Amino acid sequence: MREGPRWRRVATCKCGAEPVYLARYSGHHLCPKHFLESVEKRVRKEVRKQGPFGLDKTIAVALSGGKDSVVTLRLLHEAFRDNPRLRLVAISVDEGIAGYRPAALEAGAAHCRELGIEHHIVSYQQTAGLTMDVVAARPDRAHLPCAYCGVLRRVNLNQAARDVGADFVATGHNLDDTAQSILMNHLKGDVARLARMAPHPPDRVNEGLVPRILPLRAIPEKEVALYAILKGWDFHDGECPYSVEATRGRYRDMLLELEAQEPGTRHSLLAGYDRLAPLVRGLEDAKLRPCDRCGEPTSGKGECRACTLVGSVGGKLNSTSRSD
Ligand code: SF4
């Protein structure tokens, strides 16, 4: 009996070059050049979709120093650097986590210095009179550290964005983050929170909330990391000591398993959400009002969750605070 050929066809990029990445959801093998181009094309498309941003506007990038925020900052800088009527600034939040945040802040600051981007740092210590290390060590805290950290970060960023005159805040949420939030809100039946999710359309302003844009929301996390590596951009890759307690991890694991079995699940969740969002955004309970205590926008009545949580661990939110 004749034997078949002993060689095996090796997958290549469409240009014939050796691939560095297989996008399982599309079946495409991509070489470095076409991988970079593909990410940039999708980010440009997403930014266009989330605009228009108008003239004489300021975008503040939430810069943690991790891969997502570094890629967001640099791609927005690339997109708008020839536009004198669009100002790009960076805001970093210092949660007060020793051994973790200082290195990340420095990683972010280095990019701002290199690109000549104005950089502001705000801290929980100044805004609420406490650090995450203090919160995490309290034996009487009723929640996981991330519950306090999440609400504090939101308030810090929003206040800082208003203080620097930002019209939009760009965050580094990637496709994995976005799909996790959509899944989480669906599974909790939280339609109001689904309706409030970013990106916030520029024509639908919620009083006091600086609208958010998410340039990387269509890019899987792995692709963001590979993009930064291929570009040779340094980023902070450390893990927060309190992240092991993050509840979001359950949804991340669930989605990764679904994606492994059904490549494209994250994209489908996002596409479904984009069709649903315009239908639910007008709901009455999706609207925000000012907190009775700190004045920040909140979805509830009386004082906001940030004031309640911070107060329960001995802190107090300022109504305005910022350091340059
Ligand atoms: Fe804050 Fe939790 Fe993120 Fe750590 S993992 S920075 S505690 S939200």
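Residue numbers start at 1 and run along the sequence shown. All values below were derived from every heavy atom in this structure, side-chain atoms included, with hydrogens, water molecules and symmetry-related copies excluded. Remember, predicted model here, so these are calculated numbers, not experimental data.
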Atom CD of E40: over 12 foreign heavy atoms under 6.0 Å: yes
side-chain hydrogen bond (donor to acceptor under 3.5 Å, both in side chains) partners of residues 100-109, not counting sequence neighbours, each pair once: E95-R101, E106-R113
Under 3.5 Å: donor-acceptor pair, side chain of E259, backbone of G264: yes
Main-chain N/O of G66 paired to D237 side chain as donor or acceptor, under 3.5 Å: no
ILVMFWY cluster, M254 and L270 together (side-chain gap under 4.5 Å): yes
Single-linkage hydrophobic cluster V43~V224, side-chain heavy atoms < 4.5 angstrom: yes
Contact check, side chains of D274 and K49, non-hydrogen atoms, under 4.5 Å: yes
Residues that R85 engages under side chain to side chain contact (heavy atoms under 4.5 Å, CB included), provided they are two or more places apart: L55, D56, N83
Hydrophobic cluster identity match, L194 and L214, side-chain contacts under 4.5 Å: no
Shared hydrophobic cluster for L73 and L36 (ILVMFWY, side-chain gaps under 4.5 Å): yes
Qualifying residues under side-chain hydrogen bond (donor to acceptor under 3.5 Å, both in side chains), relative to S181, sequence neighbours excluded: R248
R266 side-chain N/O to L175 backbone N/O, donor-acceptor pair under 3.5 Å: no
Check ion pair R87-E118 (N to O, under 4.0 angstrom): yes
Side chain to side chain contact (heavy atoms under 4.5 Å, CB included) partners for S268, two or more places apart: none
Under the side chain to side chain contact (heavy atoms under 4.5 Å, CB included) test, residues paired with V134 that sit two or more places apart: T131
R74/E114 ion pair, N-O < 4.0 Å: yes
Closest contact, heavy atoms only, A160 versus V122: CB-CG1, 3.6 Å
Chi angles and distances behind the salt bridge (Lys or Arg N to Asp or Glu O under 4.0 Å) call for E262, R24: CA-CA 9 Å; E262 292 278 344; R24 287 191 64 222; over 6 Å; no
Heavy-atom side-chain contact between H173 and L216 under 4.5 Å: no
Between Y273 and N185, a side-chain donor and acceptor under 3.5 Å: no
R212 backbone acceptor or donor facing H200 side chain under 3.5 Å: yes
Side-chain donor-acceptor contact under 3.5 Å, S92 with H119: yes
Distance-only donor-acceptor check, side chains N156 and T127, under 3.5 Å: yes
By side-chain hydrogen bond (donor to acceptor under 3.5 Å, both in side chains) - contacts of T308 (at least two apart): E303
Parallel, tilted or perpendicular: ring planes of F35 versus Y227, cut at 30 and 60 degrees: tilted
Pair R289 + D292: basic N to acidic O under 4.0 Å: yes
Sub-4.5 Å side-chain heavy-atom contact between C31 and V20: no
Check: N158 side chain, G208 main-chain N or O, donor-acceptor pair, under 3.5 Å: yes
R42 (side chain) donor-acceptor with S38 (main chain) under 3.5 angstrom: yes
Donor-acceptor contact present, side-chain E296 to main-chain C291, <3.5 Å: no
K41/E37 salt bridge by N-O under 4.0 Å criterion: no
Steps toward salt bridge (Lys or Arg N to Asp or Glu O under 4.0 Å) verdict (E221, K67): CA-CA 9 Å; E221 182 174 6; K67 63 183 186 318; 3.0 Å; yes
CD/E18: more than 12 non-hydrogen atoms of other groups inside 6.0 Å: no
Ring geometry between H143 and Y148 (parallel below 30°, tilted from 30 to 60°, perpendicular above 60°): perpendicular
Hphob cluster co-occupancy, I117 + F235, side-chain heavy atoms under 4.5 angstrom: yes
